[in-house]
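Everything below concerns the one structure shown next.
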Amino acid sequence: MLGVMGQILISIASFLLVLTFIVTIHELGHFLVARAFGVKVDRFAVGFGKAVFRRTDRHGIEWRLGWLPLGGYVKFSGDLDASSVPDQAGLDRLRQRVVAERGPGAERDYFHFKPVWQRALIVAAGPVANFILAITIFAIVFMAVGTQLRPARVAQVQTGSPAAAAGFQVGDLITQVNGKTIKDGGEVTRTVMLSTGDPVHFTVERGRETLRLTAVPERREENDPVAGRIKVGRIGLGLGSTAADVRHVRYGPVGAIVEGVRQTGDVIGSTLTYLGRLVTGRESGDQFSGPLGIAKATGSLTTAAVEASPAPSQMAVNLVLTLTTLAAILSIGIGFLNLLPIPILDGGHLLFYGYEAVARRPVSARFQEMGYRAGLALLAGFMLFATWNDLQKLNLLQFLGGLVS
């Protein structure tokens, strides 16, 4: 068993490794599409702060690795500010400078003078690369390792629970939830978790009968070994499968890609469901996690993978599978987050480009500056809120208080 310090080091190292990998793929998406459209690039950077590695290639692009691996960026030639969306006056000044330095026509190599549709594709390429990464990882896992499908058979019904009130019995087989066919019991759990207070409709096979049952999940607080203290919807139903019920499935290339797309879509769908319920007041925001929570979850999963088998070869396989699968899920989250219409994010740039396409002119500098500051404040507030949630869920406040007293 690993000590506390060992677990902390594993959490930090594995989190930074996964994050750096995801950010690199995100920035490569921007970079590759930009280069495909002939955009001049000054720098491709992974990490911030003083460079620990740098090299300039024959195209004049500086490849840089910063000592702080918490992000990255692509610097296009002519970027005027952090928002990378200059107004008309800024574009005119940039055009004059480029023409004076390099001659007429040279401005066509610059990002800001490309057609708006090309700029939009370059910006969208980062999040799209994240989704493609997730699909690719899932597909490789489905081909190389496969997956186990466990039928959603009822093994336990808690007395006095919503499941008992709905009429569930041990041995029932759940085949559909809210009209969606169920292949694995985990699908039932995920639906119930995000349905607190809403009726969930089940199709159940009981012997030769097909029944329709409805249960309303209750919000319960639990201690999850990975996420810490969480509040989720439960109906008091325990699912279990015999060895004969479990099917191990490995997919061919086409089937694996289809399943990878489906898995990615399920994660995005669950995120949209949670956000929708949050906006309508049916969910609380205490389930948001920031870097602390993600690092802790990464460390817990990594530790479990290492300790699952004493054999070095199997330990290595478990570790690779755990980190790559986690990278796929986090990649989806980063891609989704970047598409939100907040000025500092890719989605905010796309919002500006949408206005430019309709109005035939860039957004004014004053409005961009206001939007950038508001977006930065919004993200800072979100990070503080998520960090507070992490401290609460992981009981770190109590731990820190014990150190002080």
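Atom-to-atom distance recorded for Leu345:CG and Leu340:CG is 6.5 Å, nearest 0.5 angstrom. Rounded to the nearest 0.5 Å, atoms CD1 (Ile257) and CD1 (Ile135) are 9.0 Å apart. To the nearest 0.5 Å, the span separating CG on Leu194 from CG on Leu278 amounts to 11.5 Å. To the nearest 0.5 Å, the span separating CZ on Phe31 from CD on Glu27 amounts to 11.0 Å. Between the OG1 atom in Thr264 and the CD1 atom in Ile137 there is a gap of 9.5 Å [rounded to 0.5 Å]. Note: Thr271 OG1 to Leu337 CG = 10.5 Å, rounded to the nearest 0.5 Å.
Checking His26 against Asp346 by side-chain atom types alone, a donor-acceptor pair falls below 3.5 Å.
Between Arg35 and Ile61, some side-chain heavy-atom pair lies under the 4.5 Å cut-off. Side-chain contact check for Asp109 versus Val39: every heavy-atom pair is 4.5 Å or farther apart. At a threshold of 4.5 Å between non-hydrogen side-chain atoms, the residues Arg361 and Tyr355 count as touching. Using a 4.5 Å heavy-atom threshold, the side chains of Val41 and Val74 count as touching. Side chains of Glu356 and Arg119 form a contact here, defined as non-hydrogen atoms less than 4.5 Å apart. Leu330 places none of its side-chain heavy atoms less than 4.5 Å from the side chain of Leu19. When side chains are defined from C-beta on, Phe352 does not count as touching Pro362, because their heavy atoms never get closer than 4.5 Å. Val204 is not listed as a side-chain neighbour of Leu173, based on a closest heavy-atom distance of 4.5 Å or more.
Taking the six-membered ring where the residue is Trp, Phe111 and Phe76 present parallel rings, their angle staying beneath 30° rather than reaching 60°.
Sequence neighbours left out, the pairs with a member in residues 127-175 that pass ring-ring contact (aromatic ring centres under 6.0 Å, His included) are Phe142-Tyr251, Phe168-Phe202.
For Arg373, the CZ atom sits in a loose shell: 12 or fewer heavy atoms of surrounding residues, nucleotides or ligands are nearer than 6.0 Å. Within a 6.0 Å radius of CZ in Arg220, more than 12 heavy atoms belonging to other residues, nucleotides or ligands are found. Enclosure of atom CH2 in Trp67 is not indicated, since only 12 or fewer non-hydrogen atoms of other residues, nucleotides or ligands lie within 6.0 angstrom. In this structure, Arg206 places its CZ atom where more than 12 heavy-atom neighbours from other residues, nucleotides or ligands lie under 6.0 Å away.
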Notebook entry, point to check: How far apart are the C-alpha atoms of Tyr372 and Phe367, what are their side-chain angles, what is the distance that settles it, and do they pass the side-chain contact (heavy atoms from CB on, under 4.5 Å) test?
Noted result: CA-CA 8 Å; Tyr372 179 78; Phe367 188 85; over 6 Å; no
Check: Could you walk me through whether Val52 and Arg54 pass the side-chain contact (heavy atoms from CB on, under 4.5 Å) check?
Finding: CA-CA 7 Å; Val52 296; Arg54 68 170 70 186; over 6 Å; no
Margin query: For Leu237 and Ser161: C-alpha separation, side-chain torsions, deciding distance, then whether side-chain contact (heavy atoms from CB on, under 4.5 Å) applies.
Written below: CA-CA 8 Å; Leu237 202 63; Ser161 66; over 6 Å; no
Next item on the list: Please lay out, stage by stage, how Thr20 and Val46 fare under the test side-chain contact (heavy atoms from CB on, under 4.5 Å).
Entry: CA-CA 7 Å; Thr20 301; Val46 176; 3.6 Å; yes
Next item on the list: With salt bridge (charged side-chain N to carboxylate O under 4.0 Å, His left out) as the test, would you mind laying out the steps for Asp198 and Arg282 before giving the verdict?
Entry: CA-CA 9 Å; Asp198 293 340; Arg282 290 178 294 170; 2.9 Å; yes
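Under the side-chain contact (heavy atoms from CB on, under 4.5 Å) criterion, Arg43 pairs with Ala45, Glu62, Arg64, Tyr73, Lys75, sequence neighbours left out.
A side-chain donor-acceptor contact under 3.5 Å links Asp172 to the backbone of Gln169. Checking side-chain atoms of Asn178 against main-chain N and O of His201 turns up a donor-acceptor pair under 3.5 Å. Between the side chain of Arg153 and the backbone N or O of Gly240 there is no donor-acceptor pair closer than 3.5 Å. Looking at Glu187, its side chain does come within 3.5 Å of a backbone N or O of Lys183 through a donor-acceptor pair. Side chain of Asn338 to main chain of Pro127: no donor-acceptor pair is present (N/O by atom type, distance under 3.5 Å, no hydrogens or angles). Put simply, the side chain of Ser331 gets close to the backbone of Asn130: a donor and an acceptor are under 3.5 Å apart.
For Ala215 against Ile235, the heavy-atom pair with the smallest separation is CB-CG2, 4.1 Å. Taking both residues in full, the closest heavy atoms of Ala152 and Ile182 are given as CB-CG2, 4.2 Å, listed atom of the first, atom of the second, then distance. The minimum heavy-atom distance between Ala163 and Gly236, with the atom names listed, is CB-O, 4.0 Å. Among all heavy-atom pairs drawn from Leu350 and Ala120, the shortest one is CD2-O, 3.4 Å. Shortest non-hydrogen contact noted between Val123 and His30 is O-CE1, 2.8 Å. Across Ile332 and Ala134, no two heavy atoms sit closer than the pair CG1-CB, 3.4 Å.
Among Thr189, Thr203, Thr191, the one residue that satisfies the side chain to side chain contact (heavy atoms under 4.5 Å, CB included) test with Val177 is Thr191. The one candidate from Arg219, Met193, Arg190 that meets the side chain to side chain contact (heavy atoms under 4.5 Å, CB included) condition with Val232 is Met193.
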